[in-house]
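The structure appears below as structure tokens.
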Amino acid sequence: MKKNDEVSAVLYDISRLLELEGEEAYRIRAYRKASQSVSSLEGDIEEYYKEGRLRDIPGVGPSIGSVIEELLRTGRSGLLETLKKETPLELYEVIEVPGIGRKTALKVHRALGVATIEEFRDAARSHRIRRIKGLGDKVEKKILDALDRHNKALSETRIPVFRASAIAAEIMGYFKDCEGLAQADVAGSLRRRAPMIGDIDIVAAAHDPAEVIDCFCNMPITRIVKDRGEHHAEITTRYRVDAKLKIVSRDNYGLRLALNTGSKAHLRELEKRAMARGDRLSKEGFYKGGEEKVKFPREEGLYRALGLEYIPPELREGRGEVDAAAKGTLPDLITVEDIRGDLHVHTEWSDGSSSIQDMAMAARAKGYEYVAICDHSKSLHIANGLSIERLRDQMAEIDRLNDTLENFTILKGSEVDIMPDGSLDLPDDVLEDLDIVVGSVHTQLRQDADVVTRRVINALENEHLTILAHPTSRILGRREPTAIDIDRVIEAAKENNKVLEVNAYPDRLDLSDEHVKKAMDAGVMVSIDTDSHGIAELDYMEFGVNNARRGWATKARVLNTLSTGALLEYIERY
DNA sequence: GGCACCGCTGCCGTTTTTTCAGGAAAAAA
């Protein structure tokens with residue numbers, strides 16, 4: 001298999017150098033695709049070569065085929081070597097930094113001979129970049145800021161929860177075939193459904209611990225076994241995320257699961273609670289009256305012993321959940337089953353990939369009563385935003401489709417851009433003909449706090465707007481939220497009876513859990529919507545609901561738990 | 001540069017605005 005990786009790496013390097021040179025995009029993409037294809041190849045590429053089947057590999061044609069052939073025959077690539085003479089490969093790392101483009105990087109490289117990220121940083125710090133013709137102090141500062149942000153991003157080793165969930169599901173799938181296993185659960189921050197996950201914690205009980213450890217260390221996704229003991233193991237997966245397994249006793253499984261689920265702040269609260277009741281809870285276990293050791297096969301028993309309602313994992317963040325559980329005032333959390341429709345989805349009319357009808361059918365198949373088609377409005381050109389005329393056509397199309405549907409309603413909506421001045425991208429006479437208006441900020445994301453806050457509040461004061469979508473515009477791990485003052489936004493939503501979205505798109509989760517909590521505390525409604533751009537993405541709902549649960553959201557405060565009639569009435573009223 | 005589906009070809013992601021610098025890069029879904 002090593003040869004496959006080697007070939008894949010060479011093809012990838014070629015694609016990067018071609019990109020640096022400004023080669024035609026499709027040629028770059030062809031090499032990249034071939035690289036990907038070779039790396040995910042099941043068989044040995046040398047076998048393909050020997051059998052003359054290289055071109056059976058998807059993305060490999062005559063040209064790339066001969067590059068691979070040369071590589072396997074001589075161990076070298078003439079094309080790669082020629083390209084390397086022109087441009088150093090390290091320069092590619094610079095253009096990968098968001099905010100520094102290819103031409104700027106090349107210009108700096110040619111003027112100063114610098115190539116690595118460190119050299120660029122030095123060049124910017126010593127003000128050598130501002131002296132290059134065509135660049136100035138502003139660009140120099142931009143480069144420095146971009147490199148700083150990049151540095152911060154590199155030290156972030158966590159991954160978004162939806163990716164961690166998929167990896168954990170894969171691990172649990174392998175466990176099914178492990179005979180020595182009695183029981184296993186995901187624990188840690190993933191069980192709490194935190195937005196970003198550092199590593200995947202798994203707690204298991206075993207008939208045969210050695211076999212289970214073996215099983216874990218020999219999974220197909222295991223790349224490196226970092227640590228291995230009689231009752232624990234730690235691996236790095238091929239997704240570069242670590243997974244830890246702890247084998248615990250069956251009779252105290254519940255307590256161990258709770259201790260391994262955390263959070264630290266939550267456990268500290270539990271320990272304090274135990275102490276106040278004359279008991280003791282620690283890593284060693286639970287001691288009734290400080291002396292008698294009590295075991296809990298199930299978590300519920302532990303919480304009961306502490307005189308608490310059972311606290312769902314999503315709430316275990318030390319944000320007052322233990323007090324609430326003691327008083328019996330924990331929120332009755334929203335569940336996926338409570339959701340009756342999706343109020344923010346796209347179709348092929350703008351930048352989605354499915355038709356209106358397919359989105360409607362898929363939504364109905366999920367058991368929903370309604371779906372709101374909210375394609376982009378005219379100003380968002382990159383997303384193929386709808387002109388007023390096309391929007392009118394779409395509304396007519398939805399009317400036609402609704403006539404054919406029973407027990408399901410397609411709502412006419414728009415994800416209308418909130419313009420930099422706070423006005424909406426559609427005139428009132430269009431807005432009032434829509435069933436639902438979802439407003440979003442997509443441009444000018446770097447406005448000052450006061451400007452962007454006023455902008456959004458202005459939109460919230462528009463009588464036609466129903467929902468404010470992804471209120472902070474954050475993209476997990478990639479883009480910081482806008483400088484918006486969320487407290488003022490929540491206040492304005494309250495005053496104007498507007499709904500704030502919990503965008504379920506997995507790298508948005510916006511509102512954040514903390515912001516959802518603020519909205520709940522303020523008595524503001526939220527709507528959990530997927531922002532789907534195709535039928536498969538309707539399944540993102542689960543991540544939005546999990547995120548809302550972390551923010552203590554209850555069914556009563558989630559707009560899209562309403563029936564179609566109640567929903568339309570609600571929109572009409574406010 | 002690869003590929004699909006027939007011919008010697010066209011498609012593969014796109015378009016506009018903002019920003020910095022004086023034409024061009026970067027950002028937005």
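Residue numbering restarts at 1 for every chain, and letters A, B, ... go by the order of the sequence lines.
For R238(A), the CZ atom counts as densely surrounded, since its 6.0 Å shell holds more than 12 non-hydrogen atoms of other residues, nucleotides or ligands.
The separation between Y26(A) atom OH and dG1(B) atom C1' is 12 Å, rounded to whole Å. As a whole-Å value, the separation of D529(A) CG from dA29(B) C1' is 17 Å. Rounded to whole angstrom, the span from the CG atom of L135(A) across to the P atom of dT19(B) amounts to 18 Å. Spacing between atom CD of E24(A) and atom C1' of dC12(B) amounts to 10 Å, rounded to whole angstrom units. Here the P atom of nucleotide dA24(B) and the CG atom of L106(A) are 15 Å apart, to the nearest Å. In this structure, L18(A) places its CG atom 8 Å from P of dG1(B), rounding to the nearest Å. Counting to the nearest Å, the P atom of dT19(B) and the NZ atom of K138(A) are 11 Å from each other. We find that CD of Q444(A) is positioned 18 Å from P of dT16(B), with the value rounded to whole Å.
Side-chain proximity of P62(A) to dT15(B), dG2(B), dA29(B): nearest is dG2(B). Side-chain proximity of A30(A) to the nucleotides dG1(B), dC12(B), dC20(B) is greatest for dG1(B). Here dA29(B) is the nucleotide among dA29(B), dC12(B), dG1(B) with the atom lying nearest to any side-chain atom of H376(A). The side chain of R29(A) sits closest to dG13(B) out of dG13(B), dT15(B), dG1(B). The side chain of L445(A) has dA28(B) as its nearest neighbour among dC20(B), dA28(B), dG1(B). Closest approach to the I382(A) side chain among dA28(B), dC20(B), dG1(B) is made by dA28(B) (side chain taken as heavy atoms from C-beta onward).
Using a 4.0 Å heavy-atom distance criterion, R508(A) is classed as a sugar-phosphate-only contact. Counting any heavy atom pair closer than 4.0 Å across all strands shown, R479(A) reaches sugar-phosphate atoms only and no base atom. Within the 4.0 angstrom heavy-atom criterion, no nucleotide atom of any strand lies near T443(A). Contacts of L380(A) with the nucleic acid, taken as non-hydrogen atoms under 4.0 Å apart, involve only primed sugar atoms and P, OP1 or OP2. Residue G99(A) is classed as a sugar-phosphate contact, given heavy-atom separations below 4.0 Å to backbone atoms only. Counting any heavy atom pair closer than 4.0 Å across all strands shown, I28(A) reaches no nucleic acid atom.
Atom name P, nucleotides dA24(B) and dG7(B): the rounded distance is 41 Å, in whole Å. The separation of dT18(B) from dC12(B), taken at their C1' atoms, amounts to 28 Å, rounded to a whole angstrom. The separation of dT17(B) from dG13(B), taken at their P atoms, amounts to 24 Å, rounded to a whole angstrom. For the P atoms, the distance from dA21(B) to dA27(B) is 15 Å, rounded to whole Å. Between dC5(B) and dG1(B), the two P atoms lie 23 Å apart (nearest whole Å).
Salt-bridge check for D145(A) with K141(A): passed, with a basic side-chain N closer than 4.0 Å to an acidic carboxylate O. Salt-bridge annotation for K366(A) and D539(A): present, with a side-chain N of the basic residue lying under 4.0 Å from a carboxylate O of the acidic one. By the 4.0 Å N-to-carboxylate-O rule, R392(A) lies close enough to D433(A) to be salt-bridged with it. A salt bridge is absent between R390(A) and D393(A); no separation between the charged side-chain nitrogens and carboxylate oxygens falls under 4.0 Å. Comment: E118(A) engages R121(A) in a salt bridge, judged by a side-chain N to carboxylate O separation of less than 4.0 angstrom.
Map H346(A) and Y31(A) each onto its nearest nucleotide of DNA chain B; the residue landing nearer the 5' end is Y31(A). Annotation: of the two residues near DNA chain B, V97(A) and L79(A), the 5′-most nearest-nucleotide partner is L79(A).
In this structure, dG7(B) is classed as syn because its glycosidic torsion stays within 90° of zero.
Ring centroids of H381(A) and H376(A) are separated by 6.0 Å or more, keeping the two rings apart.
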